[in-house]
Peer 1: 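I am attaching a structure below and will ask some questions about it afterwards.
A, B, ... follow the sequence lines: proteins, then strands. Residue 1 opens every chain.
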Amino acid sequence: MPANNSSREVRVRFAPSPTGELHVGNIRTALFDWAYARHTGGKFIFRIEDTDTERVTPEYIQAAINTLKWLGLDWDEGPEVGGPHGPYLQSERLEIYAEWASKFLAQGDAYHCYCSAEELEAVREAQRKANQAPGYNGHCRDLSSQQIDEYKAEGRLPVVRMLMPDGSTTFTDLIRGDVTFEHKFVPDFVLVRHDGSPLYTLAVAVDDVLMKVSHVLRGEDLLSSTPRQLRVYDAMGVDVKDYPLFAHLPFVMGQDNAKLSKRNGETSIAWYRDAGYLPEAICNYLALLGWSPGEDRENVTMKELTELFTVERVHSSPARFDMKKLEAINGDKIRALTLDAFLEWAKPFLINAGTISGTASEIELVKKALPIIQERITTLSEIPALLNFLFVSEFNVESESAEKIADSQSKEVLKISADRLAGLAEWNHESIEGILRQALIVELGLKPRIAFSALRIAVTGSHISPPLFESMELLGAQKSLERIQAAL
RNA sequence: GGCCCCGUCGUCUAGCGGCCUAGGACUCUGGCUUCUCAAGUCAGCUACGAGGGUUCGAAUCCCUUCGGGGCUACCA
């Protein structure tokens, strides 16, 4: 069992296998890795586990890099930044794994296995039928040289298999406490494929040792593979006190079905970016899945997260992803944005939606309008629809809303408003509100919601809009009056 | 099937033997505020999976049971 080695420099790695785009589960792991490294003042290492050449693609690798960058999870060692223990792509470290594999072979820790896939499957099938734990039976452990020659003559290519000795492995998981696996349930496992390429089981352990990783915080799905990693450390001759410490993070699941699905977070982080979620909101929300700062706190900045995050406060039970809560937090984060920051986030959404082209005068107007919509949205993607009325060249009232102002009372409101507003000396929301309240509420005796509703529809085109008087001020006297006239 | 992990409101969680007739947040419902929508604010609904122990006392410790999940690959 690894002793406490807290005196070591903290080095945490996030090592995804990019067989697809990173989703919320992956990111939650990356976030915790990052937060722990930053909390302790240690190093955050980003390593790409691309030993599965069938499924990992360069595009997915690049997407993973971009996602971490966008989220603000900066790494000290890894792709693009390099580092003293590189390269950080396993596909570029093949010689290293080959060397260790041959060393294990020479030491007798590993052996060549000539069993074919069909033979292995037949064995497993038989075991299942006999109600035994399926797993490699050690067939090739002690092959005679004659048998080996025969297999070779048949043209069989061997894999390299690690020999699991009798006994058991116990290690202390930082989150779950001591966990023990009897080796009879951990069969000899393959380190190197028949074509000479390494497997995760070999590469992950070798790299964690060579990269001097001190803490492995990863998904719970890897818990039962831990004894195999420890076995490789042992074969490498690593002192037990230098073994990395393990912490297996609980799963992030979908809301209804147990698994993560498209609607429940299985989508890529890029989707959240395009849907108008802030990186800080995503990180804040994800941090709450399996961890909490305590003291009834929930809203934390990235900086606070690094200050408060400890593995001790991560708990062991799985969490369900809840889009509603993410939205709520995103709304909080948007409201907390400074005007300049909000403007920068808003621009691409307005431009992509075709609301504005990005000219200086447009940006100037946007900047004036943002404060009145800041507390009304939960995602950035809602911005174009709310500000559209300020920029449309050919203004039209929504057909559904148009019906609401077709009655005689609405016409009267509009008529009177147009007359009074036309004589207004100074066009600002205070004066607009003052004169309209006087004319419609005081003099006509109308209820505010009735009176202003007609104006709202006429001016903004919708019965839902930013505050009316501010909207009219921003729109300007000329356009406002034109629209009211047009609605008559 | 075997091995391993997990189990507090619908959801995320606080809780680490008495402060708990279980607190916060999201959601939902109702009220206030109000030019719409929001925001804000007040209130309400709803939880310790079950059964045994240990103890003066258990959500907190132990056992069993039930339930959920992971692994069981020449994937990771």
Side-chain angles (χ1 to χ4, degrees), chain A residues 15-17 19 49-52 54-56 113 115-117 120-121 124 127-136 157-161 173 175-176 179-182 184-187 189-195 197-201 203-204 218-227 248 250-251 253 255 258-259 285 288-299 315-329 331 335 373-378 382 386 433 436-437 440-441 447-457 460 462-471:
Chain A
S17 178
T19 55
E49 310 231 328
D50 55 350
T51 51
D52 184 351
E54 299 273 307
R55 298 195 297 153
V56 175
C113 170
C115 296
S116 68
L120 293 172
E121 185 46 46
R124 278 193 289 266
Q127 288 167 325
R128 271 191 286 266
K129 279 191 174 141
N131 217 358
Q132 291 175 316
Y136 187 66
L157 292 169
V159 299
V160 177
R161 221 177 252 284
D173 185 280
I175 294 170
R176 291 152 212 281
V179 182
T180 299
F181 289 88
E182 298 293 334
K184 61 182 172 185
F185 302 119
V186 186
F189 55 97
V190 179
L191 297 170
V192 180
R193 294 186 179 88
H194 70 83
D195 66 357
S197 63
L199 252 43
Y200 167 80
T201 48
V204 69
R218 53 171 12 173
E220 185 190 334
D221 49 331
L222 272 342
L223 182 62
S224 52
S225 82
T226 308
H248 290 91
F251 283 116
M253 306 190 302
Q255 29 202 359
K259 280 168 294 190
Y285 174 63
L288 265 19
L289 260 27
W291 174 83
S292 99
E295 295 173 352
D296 294 339
R297 279 252 273 159
E298 289 210 325
N299 193 312
H315 46 106
S316 46
S317 52
R320 253 151 293 262
F321 182 84
D322 179 11
M323 190 74 89
K324 280 277 195 287
K325 181 119 180 182
L326 205 212
E327 284 174 11
I329 290 178
R335 272 167 245 128
I373 64 165
Q374 190 162 15
E375 67 183 25
R376 313 187 127 68
I377 59 173
T378 56
E382 295 163 44
L386 280 174
E433 178 167 7
L436 290 177
R437 278 193 186 281
L440 304 173
I441 314 303
K447 283 192 186 307
R449 62 184 305 135
I450 302 290
F452 298 138
S453 176
L455 274 165
R456 179 187 312 286
I457 291 170
T460 70
S462 170
H463 67 283
I464 296 174
S465 82
L468 178 61
F469 312 116
E470 282 84 348
S471 294

Peer 1: Considering only side-chain heavy atoms of A/Lys325, which listed nucleotide, B/rC35, B/rG10, B/rA25, is closest?
Peer 2: B/rA25
Peer 1: Starting from C1' on B/rU11, measure out to CG on A/Leu289 and report it in whole angstrom.
Peer 2: 10 Å
Peer 1: Among residues at least two apart in sequence or on other chains, which ones pass ring-ring contact (aromatic ring centres under 6.0 Å, His included) with A/Phe469?
Peer 2: A/Phe452
Peer 1: Looking only at side-chain atoms of A/His315, point me to the closest of B/rG7, B/rU36, B/rA14.
Peer 2: B/rA14
Peer 1: Pairing check on B/rA59: which nucleotide meets the Watson-Crick or G-U wobble criteria with it, both distances under 3.5 Å?
Peer 2: none
Peer 1: Compare side-chain N and O positions of A/Arg456 against OP1 and OP2 of B/rU36 and report whether any pair is under 4.0 Å apart.
Peer 2: no
Peer 1: Paired with B/rA22: which nucleotide, if any, by Watson-Crick or G-U wobble criteria at under 3.5 Å for both distances?
Peer 2: none
Peer 1: May I ask you to verify whether the side chain of A/Glu295 and the base of B/rG24 hold a donor-acceptor pair under 3.5 Å?
Peer 2: no
Peer 1: Are A/His248 and B/rC5 close enough that a side-chain N or O sits under 4.0 Å from OP1 or OP2?
Peer 2: no
Peer 1: What N/O pairs connect the protein and nucleotides 21-23 of chain B at under 3.5 Å? Give each pair on its own line.
Peer 2:
| unit_1 | atom_1 | unit_2 | atom_2 | d |
| --- | --- | --- | --- | --- |
| B/rG23 | N2 | A/Asp296 | OD1 | 3.4 |

Peer 1: Give the rounded distance in Å between these two atoms: CD1 of A/Ile464 and P of B/rC37.
Peer 2: 7 Å
Peer 1: Would you mind telling me which of B/rC4, B/rC12, B/rG40 lies closest to the side-chain atoms of A/Arg335?
Peer 2: B/rG40
Peer 1: For A/Thr201, check side chain to side chain contact (heavy atoms under 4.5 Å, CB included) against everything at least two apart and list the hits.
Peer 2: A/Phe189, A/Leu191, A/Leu199, A/Arg228
Peer 1: Which nucleotide, B/rC35, B/rG10, B/rC3, lies nearest any side-chain atom of A/Glu433?
Peer 2: B/rC35
Peer 1: Nearest-Å distance, CD1 (A/Ile175) to P (B/rG7)?
Peer 2: 12 Å
Peer 1: Regarding A/Gly290, tell me which of base, sugar-phosphate or nothing describes its non-hydrogen contacts under 4.0 Å with the strands shown.
Peer 2: sugar-phosphate
Peer 1: Answer with base, sugar-phosphate or nothing: what part of the nucleic acid does A/Thr180 contact at a heavy-atom distance below 4.0 Å?
Peer 2: sugar-phosphate
Peer 1: In Å, rounded to the nearest 0.5 Å, how long is the span from CZ of A/Phe321 to CG of A/Leu326?
Peer 2: 4.5 Å
Peer 1: Measuring from the side chain of A/Val179 (C-beta onward, heavy atoms only), which nucleotide among B/rC4, B/rC12, B/rU11 has the closest atom?
Peer 2: B/rC4
Peer 1: For A/Phe181 and B/rG2, what is the distance between atoms CZ and P respectively, to the nearest whole Å?
Peer 2: 16 Å
Peer 1: Round to the nearest Å and state the distance from A/Asn299 atom CG to B/rC26 atom P.
Peer 2: 11 Å
Peer 1: Identify whether the distance between the nearest side-chain nitrogen and carboxylate oxygen of A/Arg176 and A/Glu220 falls below 4.0 Å.
Peer 2: yes
Peer 1: Suppose we screen for side chain to side chain contact (heavy atoms under 4.5 Å, CB included). Which residues come up paired with A/Pro293, at least two apart in sequence or across chains?
Peer 2: A/Leu288, A/Trp291, A/Arg297, A/Val300, A/Leu308
Peer 1: Could you state the interatomic distance from OH (A/Tyr200) to CG (A/Asp52), rounded to the nearest 0.5 Å?
Peer 2: 12.5 Å
Peer 1: Among the nucleotides B/rG2, B/rU36, B/rC5, which one has an atom lying closest to any side-chain atom of A/His463?
Peer 2: B/rU36
Peer 1: Going 5' to 3' through nucleotides 71-76 of chain B, assign each nucleotide B (protein heavy atom under 4.0 Å from a base atom), S (under 4.0 Å only from sugar-phosphate atoms) or - (no protein heavy atom that close).
Peer 2: SSSBBB
Peer 1: Can you tell me how far the OG1 atom of A/Thr460 sits from the CG atom of A/Leu468, to the nearest 0.5 Å?
Peer 2: 7.5 Å
Peer 1: Rounding to an integer number of Å, can you tell me how far A/Leu288 CG sits from B/rA14 C1'?
Peer 2: 12 Å
Peer 1: Rounded to whole angstroms, how far apart are CD1 on A/Ile329 and C1' on B/rU13?
Peer 2: 12 Å
Peer 1: Which residues pass the side chain to side chain contact (heavy atoms under 4.5 Å, CB included) test with A/Ala454, sequence neighbours left out?
Peer 2: A/Ile405, A/Ser410, A/Val413, A/Leu414
Peer 1: So which nucleotide from B/rA14, B/rC6, B/rA38 ends up closest to the side chain of A/Pro318?
Peer 2: B/rC6
Peer 1: Heavy atoms under 4.0 Å, any strand shown: does A/Leu468 hit a base, just sugar-phosphate, or nothing?
Peer 2: base
Peer 1: Once you round it to whole Å, what is the distance between P of B/rU11 and CG of A/Asp322?
Peer 2: 10 Å
Peer 1: Please state whether the base of B/rU36 and the side chain of A/Arg376 form at least one donor-acceptor pair under 3.5 Å?
Peer 2: yes
Peer 1: Does the structure show a Watson-Crick or G-U wobble partner for B/rG44, both distances under 3.5 Å? Name it, or say none.
Peer 2: B/rC28
Peer 1: Say whether A/Thr226 and A/Arg218, considering side chains only, have a donor N or O and an acceptor N or O under 3.5 Å apart.
Peer 2: yes
